[in-house]
Every structure is written in C-alpha cells, then in structure tokens.
Amino acid sequence: IRKLRIRVKEIRVKHLPELDDEFAKEHSGKDTVAEMREMVREQLTEGTKRESDRQLREQLVDKLLEINEIPVLPSLEERYVQAMVQDFARQQGLEEVSDEQRQQLAEAWRPMAQRSVKRMILIDNLRRGHEIKVDDEEFDARLTEMAGKQGSDVERFRLLMERAGNLDRIRGEMEEDKVFDLIEESAKITVAEETPGEPTPDTEA
C-alpha cells in the first residue's frame with residue numbers, strides 16, 4: 001500500500017451575501033428585502049400567467065386548425081423550414097451545414113413549420129376579416145407601460161425599439177392579442193382542476 005502525503009496550501013470558503021436591505025438595493029433597485037420579495041413574487045405570478053395564456057392560445061389554434069383546412073404553398077413552407085435551419089445553425093455557431101444535415105433538420109422540423117405557417121395565415125385572416133387594428137393611442141399606451149417596467153423614459157424607449165426594428169413587432173403582438181380576445185369570446189372554454197395524468201384546460205372552438 002502506497003502512502004501519499006498531501007500539502008494543503010489554501011482552503012477557500014464561499015460566503016453568501018447577507019440578505020438585507022443593502023443587498024436588495026444593490027441587486028433589485030428596491031429599498032427593502034420585503035419590497036424585493038414582493039417584486040419577485042409578482043414576476044413569478046406574471047410569468048406563470050403568461051405561460052398559462054400561451055398554452056390556452058395554442059390549444060385554441062389547434063382546435064381552429066382542426067376544423068378549418070388552410071392550404072399552404074409549398075414554396076412558403078420551404079422558406080420557413082430553411083429559415084429554421086439557418087437560425088439553428090446560427091445559434092449553434094455553425095459556419096456551414098452539410099446538405100445531409102440540412103435535409104435531416106428540414107424533415108425533422110417540417111411538421112412544426114407547417115403548423116407555424118398555418119397559424120400565421122389563420123391569425124392574419126382573422127385580423128383582416130374583422131378589420132382588427134391598433135390605433136396610435138393604444139400603441140403609445142403600450143410603449144409607456146413597457147418603458148415603465150424597464151424604468152426608462154418612454155421617448156428613449158421608443159427610439160431604442162425603433163432602432164432595433166421592434167416597433168412593428170410590438171404592434172403585431174397587440175393585434176394578435178386582439179385576435180385572441182375575439183377567439184376567446186366566441187369559444188367555449190372549460191377550465192378543470194388539474195389532476196396528475198389528465199390534460200387541462202379543455203377548449204372547444
């Protein structure tokens with residue numbers, strides 16, 4: 001049996017910062033720990049609600065796509081698929097994607113691409129059919145709300161969004177919100193208490 005002699009040169013102990021008002025001011029911009037905790041609670045609640053709303057919307061879309069046949073031009077579908085492949089390559093830091101890899105990715109993502117295109121057409125048809133628009137007053141109110149959440153001046157926020165090319169995206173999201181408000185008003189939605197192994201909520205478009 002061999003014996004090993006080890007000399008310990010340094011022992012480091014990780015010290016966590018104390019959760020006090022100074023910590024709250026430095027890391028959250030709030031004056032007290034209680035205010036920081038309330039902010040975190042509100043953020044978690046808002047995040048949970050957004051995810052719940054997103055799931056409900058996608059279930060409504062699935063129902064509408066089941067009862068409404070929406071033809072998709074092959075060229076449009078292919079452009080969408082190739083855009084997904086390019087986004088994947090860019091996110092992975094890949095300079096080149098072989099033809100074989102491109103084909104494999106395209107076939108794997110084609111069903112998702114088909115649904116995405118149909119969803120886009122469905123929402124756009126409803127928006128046009130019901131003449132859904134967002135007026136300047138509504139748009140300004142949304143920008144003011146978004147700027148306030150980020151602690152920014154609204155004009156500065158608008159300028160930043162404009163430079164990033166996000167103003168049209170924000171308006172489009174507002175129009176989509178109105179489309180889903182319309183869908184939800186005319187849909188029969190039953191929300192059941194969630195139990196393990198049972199899907200919820202149930203929707204009927």
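Values reported hereafter were calculated over all heavy atoms of this structure, with side chains retained and with hydrogens, waters and symmetry mates removed.
More than 12 heavy atoms of other residues, nucleotides or ligands lie within 6.0 Å of CG in Asp135, so this atom counts as buried by the packing criterion. Within 6.0 Å of the CG atom in Asp181, the count of heavy atoms belonging to other residues, nucleotides or ligands exceeds 12. Heavy atoms of other residues, nucleotides or ligands lying less than 6.0 angstrom from CD of Glu51 number more than 12. Around the CD atom of Glu38, the shell of radius 6.0 Å holds more than 12 heavy atoms that belong to other residues, nucleotides or ligands. More than 12 heavy-atom neighbours from other residues, nucleotides or ligands sit within 6.0 angstrom of CZ on Arg169.
The main-chain N or O of Val134 is never found under 3.5 Å from a side-chain atom of Glu138 such that the two would form a donor-acceptor pair. Thr48 places a side-chain N or O within donor-acceptor distance of the main-chain N or O of Leu44, the cut-off being under 3.5 Å. Judged purely by atom type and a 3.5 angstrom limit, Glu58 has no side-chain atom pairing as donor or acceptor with the backbone of Gln55. Under a 3.5 Å cut-off, the side chain of Asn68 and the backbone N or O of Leu64 do form a donor-acceptor pair.
The two residues Thr32 and Ala24 come nearest to each other via the heavy atoms O-CB, 3.5 Å. Nearest heavy atoms, Glu175 versus Lys133: OE2-CA, 4.3 Å. Heavy-atom minimum distance, Leu65 versus Ile70: CD2-CD1, 3.6 Å. The minimum heavy-atom distance between Pro71 and Ile121, with the atom names listed, is O-CD1, 4.1 Å. The minimum heavy-atom distance linking Val33 with Asp21 is given by the pair N-OD1, 3.1 Å.
Comment: Asp177 engages Arg142 in a salt bridge, judged by a side-chain N to carboxylate O separation of less than 4.0 angstrom. A salt bridge links Asp53 with Lys49: at least one charged nitrogen is closer than 4.0 Å to a carboxylate oxygen. Between Glu176 and Arg171 there is no salt bridge, since no side-chain nitrogen of the basic residue lies less than 4.0 Å from a carboxylate oxygen of the acidic one. Salt bridge Arg158/Asp153: absent, no basic N to carboxylate O contact under 4.0 Å.
If you chain together hydrophobic residues whose side chains sit under 4.5 Å apart, Val117 and Leu60 fall into the same group. Hydrophobic clustering places Val61 together with Leu76 (ILVMFWY residues linked when any side-chain heavy atoms are closer than 4.5 Å, directly or through intermediates).
Taken from CE in Met84 to OG in Ser116, the straight-line distance is 6.0 Å, to the nearest 0.5 Å. Expressed to the nearest 0.5 Å, how far CG of Asp20 lies from CD of Glu26 amounts to 9.5 Å. Interatomic distance, CD of Gln82 versus CG of Leu105, reported as 9.5 Å (0.5 Å rounding). A distance of 13.5 Å separates CD in Glu131 from CG in Leu126, rounded to the nearest 0.5 Å. Separation of atoms CD1 (Ile183) and NZ (Lys178) is listed at 14.5 Å; rounding is to 0.5 Å. Atom OH of Tyr80 sits about 6.5 Å away from atom CE of Met120, to the nearest 0.5 Å.
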### Message
Assess the residue pair Arg50 and Arg54 against the criterion (side chain to side chain contact (heavy atoms under 4.5 Å, CB included)); give the C-alpha distance rounded to whole Å, side-chain angles, the decisive distance to 0.1 Å, and a yes or no.
### Response
CA-CA 6 Å; Arg50 282 200 305 267; Arg54 186 195 67 79; over 6 Å; no

### Candidate pair Glu100 and Arg102, rule side chain to side chain contact (heavy atoms under 4.5 Å, CB included), full reasoning
CA-CA 5 Å; Glu100 182 179 358; Arg102 186 178 295 276; over 6 Å; no

### Task
Step by step, work out the side chain to side chain contact (heavy atoms under 4.5 Å, CB included) result for Glu18 and Phe23.
CA-CA 7 Å; Glu18 187 176 352; Phe23 178 90; over 6 Å; no

### Message
Could you walk me through whether Gln103 and Glu107 satisfy the side-chain hydrogen bond (donor to acceptor under 3.5 Å, both in side chains) test, starting with their C-alpha distance in whole Å, then the side-chain angles of each, then the deciding distance to 0.1 Å, before giving a yes or no?
### Response
CA-CA 6 Å; Gln103 183 176 356; Glu107 292 309 311; 5.7 Å; no

### Query
Would Gln86 and Gln91 count as a side chain to side chain contact (heavy atoms under 4.5 Å, CB included) if you check the C-alpha gap in whole Å, the side-chain angles of each, and the deciding distance to 0.1 Å?
CA-CA 9 Å; Gln86 291 174 5; Gln91 291 170 7; over 6 Å; no

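Within the 4.5 Å cutoff, side-chain heavy atoms of Phe139 are placed close to those of Met174. Between Leu143 and Leu167 there is a side-chain heavy-atom pair separated by less than 4.5 Å. Looking at heavy atoms from C-beta onward, Val179 lies out of side-chain contact with His130 at the 4.5 angstrom threshold. Side-chain contact between Ile123 and Phe180 is present, with at least one heavy-atom pair separated by less than 4.5 Å. With a 4.5 Å cut-off on side-chain heavy atoms, Met36 and Asp31 do not count as touching.
Of the residues Arg110, Lys118, Arg115, the one that meets the salt bridge (Lys or Arg N to Asp or Glu O under 4.0 Å) test with Glu77 is Arg110.
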